[in-house]
2 protein chains.
Amino acid sequence: MSCSQEYTPQLRARGYRMTPQRHAILHVLSHSGKHLSPGEVYAKAQKQVEGLTEATVYRTLEFLAENGLARPSHIGSGHLVYEIANHEHHHLKCRNCGDEMEVEHSLLKTMYQKLESASGYQLTDSHVTFFGLCPDCQKSEDV
Amino acid sequence: MSCSQEYTPQLRARGYRMTPQRHAILHVLSHSGKHLSPGEVYAKAQKQVEGLTEATVYRTLEFLAENGLARPSHIGSGHLVYEIANHEHHHLKCRNCGDEMEVEHSLLKTMYQKLESASGYQLTDSHVTFFGLCPDCQKSEDV
DNA sequence: TTCCTTATTGCAAGTTTTTGCAATAACACA
DNA sequence: TGTGTTATTGCAAAAACTTGCAATAAGGAA
């Protein structure tokens with residue numbers, strides 16, 4: 001729930017500017033605690049900034065993601081959602097009921113290293129969504 | 001490069017039908033060898049089927065993905081691409097130059113098991129895209 | 001081969017996302 | 001505190017994607 005004001009120096013240091021629009025969007029993301037679609041962010045942020053446009057929301061979310069302040073993720077089919085970037089984690093989502101849980105990055109660490117040495121790539125992003133069946137839906141599948 | 005005719009029984013068995021549209025789209029996917037955006041699939045398949053519409057392409061790709069004949073993946077920012085589902089693999093993409101390579105599923109197998117026992121989930125889908133820096137781009141970063 | 005059921009398509013209208021460009025407003029510096 | 005540079009926004013139009021519905025056609029059964 002950190003106040004978005006703390007992000008200002010981070011942006012300035014890179015030659016970018018803090019604006020009411022960015023402030024509102026960061027505020028929405030950090031106070032929602034979960035991931036939001038661009039449309040949801042727009043709906044909430046619009047109440048704080050007179051005349052905010054959808055185009056700005058899309059551009060800002062992409063901008064924040066590029067600069068490490070927001071984390072984009074692919075939940076479900078084909079659409080990006082965003083959340084505030086405050087801790088490294090991944091998502092695990094149930095294909096059947098849509099239930100979702102977070103996964104600690106530490107669980108993937110060994111695999112990341114294996115992947116790096118096998119490929120020569122240096123893995124920068126640590127956010128991945130895995131799909132499967134949650135325990136409850138596994139039970140009903142058995143029936 | 002398998003001919004899409006072999007898919008007919010797979011669809012029939014599930015109560016679905018083979019149509020010229022599906023045939024063309026499967027043909028396009030299996031002969032391209034790489035992943036294609038819906039727009040690219042439409043452009044190619046249109047030449048084979050008179051009057052094919054974009055709506056049909058979107059619906060068909062989603063349908064094929066649901067039935068395991070195509071594999072959707074999130075390459076880059078926010079848009080789905082599709083490829084024929086003939087071998088299990090993942091993608092590794094360079095954030096800097098866009099270069100891309102395939103990763104064998106076997107590399108992730110141990111991690112998948114760890115994830116399953118930690119979460120109770122049963123992982124069904126196995127396609128993930130990882131992002132990082134390719135060897136070449138790592139060198140130029142050092143400069 | 002013909003008929004019937006219903007999965008699938010095309011159409012057209014809607015929603016979401018992207019883009020170019022001119023106007024605006026952060027903020028570094030004097 | 002005022003001024004200039006240029007990052008950022010809003011606007012408007014375009015592109016990409018989705019959806020409901022009536023017409024079509026795949027393919028099982030007679």
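The structure displayed is predicted, hence computed values, not measured ones.
For the OP1/OP2 pair of C/dT8 and a distance below 4.0 Å, the side-chain nitrogens and oxygens of B/T60 include no atom meeting the criterion. Within the structure, a side-chain polar atom (N or O) of A/T19 is placed less than 4.0 Å from OP1 or OP2 of D/dT9. The side chain of A/T56 places an N or O atom within less than 4.0 Å of a non-bridging phosphate oxygen (OP1 or OP2) of D/dG10.
Taking the side chain of A/T53 as heavy atoms from C-beta on, and the options D/dG10, C/dC27, D/dT8, the nearest nucleotide is D/dG10. Of the candidates C/dA25, D/dA26, C/dT9, C/dA25 carries the atom nearest the A/R17 side chain, counting heavy atoms from C-beta on. The side chain of B/Q21 lies closest to C/dG10, out of D/dT8, C/dG10, D/dA26. Of the candidate nucleotides D/dC17, D/dT9, C/dT9, D/dC17 has the atom lying nearest to any side-chain atom of B/H79. For B/A55, counting side-chain heavy atoms from C-beta on, the closest listed nucleotide (C/dT18, D/dG28, C/dC11) is C/dC11. The nucleotide whose nearest atom lies closest to any side-chain atom of B/Y58 is, among D/dA16, C/dT9, D/dT9, D/dA16.
Put simply, OH on B/Y121 and CD on A/E100 are 7.5 Å apart, with the number rounded to the nearest 0.5 Å.
Rounded to whole Å, the distance from CD on A/E66 to P on D/dT8 is 11 Å. Atom pair A/H23:NE2 and D/dT9:P shows a separation of 14 Å (rounding to whole Å applied). Atom-to-atom, CD of A/Q46 to P of D/dT9 comes out at 15 Å; the value is rounded to the nearest Å. When the C1' atom of D/dG28 is taken as reference, atom CG of B/L11 falls 16 Å away, rounded to whole Å. As a whole-Å value, the separation of A/E62 CD from D/dA7 P is 17 Å. What separates CD of A/Q10 from P of C/dC27 is a distance of 14 Å, to the nearest Å. As rounded to whole Å, 17 Å separates atom C1' of D/dG28 from atom CE of B/M18. For the pair B/R12 CZ and D/dA26 C1', the interatomic distance rounds to 8 Å; values are reported in whole Å.
For the residue pair B/N67 and B/Y7, no side-chain donor N or O sits within less than 3.5 Å of a side-chain acceptor on the partner.
Using a 4.0 Å heavy-atom cutoff across all strands shown, B/Y16 reaches sugar-phosphate atoms only and no base atom. Backbone-only engagement by B/G51 is indicated by non-hydrogen atom pairs under 4.0 Å involving sugar-phosphate atoms exclusively.
Side chain of A/R71 to main chain of A/H87: a donor-acceptor pair is present (N/O by atom type, distance under 3.5 Å, no hydrogens or angles). No donor-acceptor distance shorter than 3.5 angstrom exists from the side chain of A/E102 to the backbone of A/H91, with no hydrogens or angles considered.
Each of A/L52 and A/G15 was matched to the nucleotide of DNA chain D holding its nearest heavy atom; the match closer to the 5' end belongs to A/G15. Comparing A/E54 and A/R59 against DNA chain C, the residue whose closest nucleotide sits nearer the 5' end is A/E54.
For B/D99 and B/K93, the salt-bridge test fails: no basic side-chain N is under 4.0 Å from an acidic carboxylate O.
Cation-pi geometry between B/R22 and B/F63 is satisfied (NZ or CZ under 6.0 Å from the ring centre, within 45° of the ring normal).
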